[in-house]
There are 2 protein chains.
Amino acid sequence: MAGHVSDAVIRRLPGYYRHLRELEAAGVTAISSQELGERMHLTPSQIRQDINCFGGFGRQGYGYKVADLKGHIGEILGLTQEHRLIILGAGNIGCAVAQYPTFSREGFRTIALFDTQENKVGRCLGDIPVLHMDTLETFVRENVVDIAVLALPKRNAQEALDHLYEYGVRAIWNFAPADLNHPDDMLVVNVHLSDSLQQLSYRMAHREHP
Amino acid sequence: MAGHVSDAVIRRLPGYYRHLRELEAAGVTAISSQELGERMHLTPSQIRQDINCFGGFGRQGYGYKVADLKGHIGEILGLTQEHRLIILGAGNIGCAVAQYPTFSREGFRTIALFDTQENKVGRCLGDIPVLHMDTLETFVRENVVDIAVLALPKRNAQEALDHLYEYGVRAIWNFAPADLNHPDDMLVVNVHLSDSLQQLSYRMAHREHP
DNA sequence: CATGTATTGCCAATTATATCACAATCCGGG
DNA sequence: CCCGGATTGTGATATAATTGGCAATACATG
């Protein structure tokens, strides 16, 4: 199992996790691929195949135990270990990420925000301090930082990434609307809000019944 | 041409648009599929095939005219017509969307935010008013609203969607971390920030060289 | 205006992804 | 403890997406 997992499967994993959490919260203890498929708008076959990339978590004639499966998928997603984040840019997006309620439940802990604007530096969001961008290097070298979130203007994003690499950060969650260049041993996942909105626009322009 | 365009192509279109805009800004007037492919990390073949879904915009022995191609793709994406947005939820995400700089350039115009918290209602973000959620129905019935952005807590999202449908809105850009039920003639595009961060976590947990 | 070169458009081949079908097997009830 | 009904795990098949290859053709040059 887990020989090679395709991108398509990885994209669906968080969806499984989300639905399983909801089912667990609703008190459902077991579910079949049939039922889960109806819920998620996927075929039962696809669900069984996806889950089987990682091993046989189900039981014939019964289905999957919700709590077990959620646990396994959480582990596969790496949510059992804590991730320490810093956020570059304390604007709306940076603050939104810092305060997003579900992240902390999933092991993502924001330890600091960074900004250049003097009126933002020194404040706190909850218990997260907003530090000056000039102190970034020292901070990163003296603290464990697993992920850096880029929530700053496009023009500063590439330079910030280059510095972060130099200081040792190897994973980036990027909100700047640009495809940043990065070394092979650095992971970059883009959010690209604009792309998502443009997809909606495309579908509106091309839907059959207007 | 344009018989049926696959999801995979639609997902890539905004990327083409973004890169073409950058090229145009950089003063590049023409580009080959080869060069564009290197820039975007796609094969030249794929680029030619993608673009050909919509017609032959290129010229043999020469490549594509950047401005022309950008214009065509903008049109295909529906960016030539204005879209009027309302945003439900004036928290960090709602405000981030309202003030996101590139949206207005692409024809997306936010005309109002809605919230239930009294201390937010009555203020403005730039020239966009924050109105009380109770006035949503009246507002939507009296104004043209093309897209509603859901930037409110998960527990309120489904109900909000149902109301919006009733009032006549037929396109939703959803930031709530839930897969909302919706009628067939309503378009819903999800952002699901958590999914994106979990994908990063997955890749961190499974990368070869730690 | 003729010629060589670069590059598209497009069809074929390959690879990836999703679905189907069914044997293996586990649960629950009697 | 055994049997019936349900549901998984999985190999085979179908469908979709990507890449390769090449003829057609437009541009640039002299």
Side-chain angles (χ1 to χ4, degrees), chain A residues 1-16 19-20 23 28-73 76 195 199 202 206, chain B residues 1-16 19-20 23 28-73 76 199 202-203 206:
Chain A
M1 70 190 96
H4 177 257
V5 181
S6 78
D7 257 34
V9 176
I10 298 170
R11 271 199 301 274
R12 282 189 293 270
L13 284 178
Y16 289 122
H19 280 269
L20 288 165
L23 286 164
V28 180
T29 56
I31 193 162
S32 66
S33 59
Q34 176 71 44
E35 286 174 291
L36 188 56
E38 278 161 21
R39 236 185 119 87
M40 296 185 63
H41 305 108
L42 299 173
T43 63
S45 210
Q46 180 161 59
I47 288 174
R48 293 202 299 275
Q49 191 148 34
D50 282 357
I51 291 173
N52 259 51
C53 292
F54 305 100
F57 301 141
R59 279 134 80 196
Q60 279 121 331
Y62 178 81
Y64 300 89
K65 279 198 158 180
V66 171
D68 279 10
L69 186 56
K70 169 170 166 279
H72 282 301
I73 293 180
I76 290 159
D195 289 19
Q199 279 169 39
Y202 176 90
H206 295 81
Chain B
M1 70 189 96
H4 177 255
V5 180
S6 78
D7 258 32
V9 176
I10 298 170
R11 272 199 301 273
R12 282 190 293 272
L13 284 178
Y16 289 122
H19 281 269
L20 289 165
L23 286 164
V28 179
T29 56
I31 194 161
S32 66
S33 57
Q34 175 73 45
E35 286 173 290
L36 188 56
E38 280 162 20
R39 236 184 119 86
M40 296 185 63
H41 307 107
L42 299 173
T43 64
S45 210
Q46 180 162 59
I47 288 175
R48 294 203 296 276
Q49 184 136 326
D50 282 355
I51 292 173
N52 259 50
C53 292
F54 305 101
F57 301 140
R59 281 134 80 197
Q60 278 125 330
Y62 176 81
Y64 301 88
K65 279 198 158 179
V66 172
D68 279 11
L69 186 55
K70 170 170 165 277
H72 283 300
I73 292 180
I76 290 160
Q199 278 170 41
Y202 176 90
R203 287 179 213 279
H206 295 80

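Note on naming: letters A, B, ... go to the chains in the order of the sequence lines (proteins, then strands), and numbering restarts at 1 for each one.
- Once rounded to the nearest 0.5 Å, the distance linking NZ of K65(A) with CZ of F57(A) reads 14.5 Å.
- Contact record, R11(A) with Q199(B): CA-NE2, 3.8 Å, taken as the closest heavy-atom pair.
- Of the inter-residue distances, the one linking R12(A) atom CZ with D7(A) atom CG reads 10.5 Å to the nearest 0.5 angstrom.
- Counting any heavy atom pair closer than 4.0 Å across all strands shown, S45(A) reaches a base atom.
- Looking at the side chain of R59(B), the nearest of the listed nucleotides dT7(D), dT18(D), dC27(D) is dC27(D).
- Residues Q46(A) and Y16(A) share a closest heavy-atom pair of O-OH, 4.1 Å.
- Between I10(A) and R203(B), the closest side-chain pair of non-hydrogen atoms falls below 4.5 Å.
- For S6(A) and Y62(A), each mapped to the nucleotide of DNA chain C holding its nearest heavy atom, the one lying further toward the 5' end belongs to S6(A).
- The nearest whole Å value for the distance from the CD1 atom in I47(B) to the C1' atom in dT18(D) is 13 Å.
- Contact annotation: T43(B) side-chain N/O to dT19(D) OP1/OP2 distance is under 4.0 Å.
- A salt bridge does not link R59(B) with D68(B): every distance from a Lys NZ or Arg NE/NH1/NH2 to an Asp or Glu carboxylate oxygen is 4.0 Å or more.
- Rounded to an integer number of Å, the gap from Q46(A) CD to dG9(D) P is 15 Å.
- Using bins of under 30°, 30° to 60° and over 60° for the plane-to-plane angle, the ring pair F54(A)/Y202(B) lands in the perpendicular bin.
- Residue R12(B) is in sugar-phosphate contact alone, with no base atom involved, counting any heavy-atom pair closer than 4.0 Å across all strands shown.
- A distance of 11.0 Å separates CG in D50(B) from OG in S33(B), rounded to the nearest 0.5 Å.
- Expressed to the nearest 0.5 Å, how far CG of L42(B) lies from CD1 of I47(B) amounts to 5.0 Å.
- One can place CG of D50(A) at 14 Å from C1' of dT10(D), the figure rounded to the nearest angstrom.
- Between the CG atom of L69(A) and the P atom of dT7(D) there is a distance of 16 Å, given to the nearest Å.
- Atom-to-atom, CD of Q49(A) to C1' of dT10(D) comes out at 8 Å; the value is rounded to the nearest Å.
- The distance from atom NZ of K65(A) to atom C1' of dT7(D) is 16 Å, rounded to the nearest whole Å.
- Checking dT10(D), dG21(D), dT7(D) against the side-chain heavy atoms of Q60(A) singles out dT7(D) as nearest.
- When rounded to the nearest whole Å, the span between CE of M40(B) and C1' of dT19(D) equals 17 Å.
- D68(A) has its CG atom 14 Å from the P atom of dT8(D), to the nearest Å.
- Protein chain B contacts DNA chain C from dA6(C) to dC11(C), reading 5' to 3' and using non-hydrogen atoms of the protein with a distance under 4.0 Å.
- One end of the helix from dC1(C)-dG30(D) to dG30(C)-dC1(D) points its axis 30° away from the other end's axis, with each axis taken from 5 pairs and the angle rounded to 10°.
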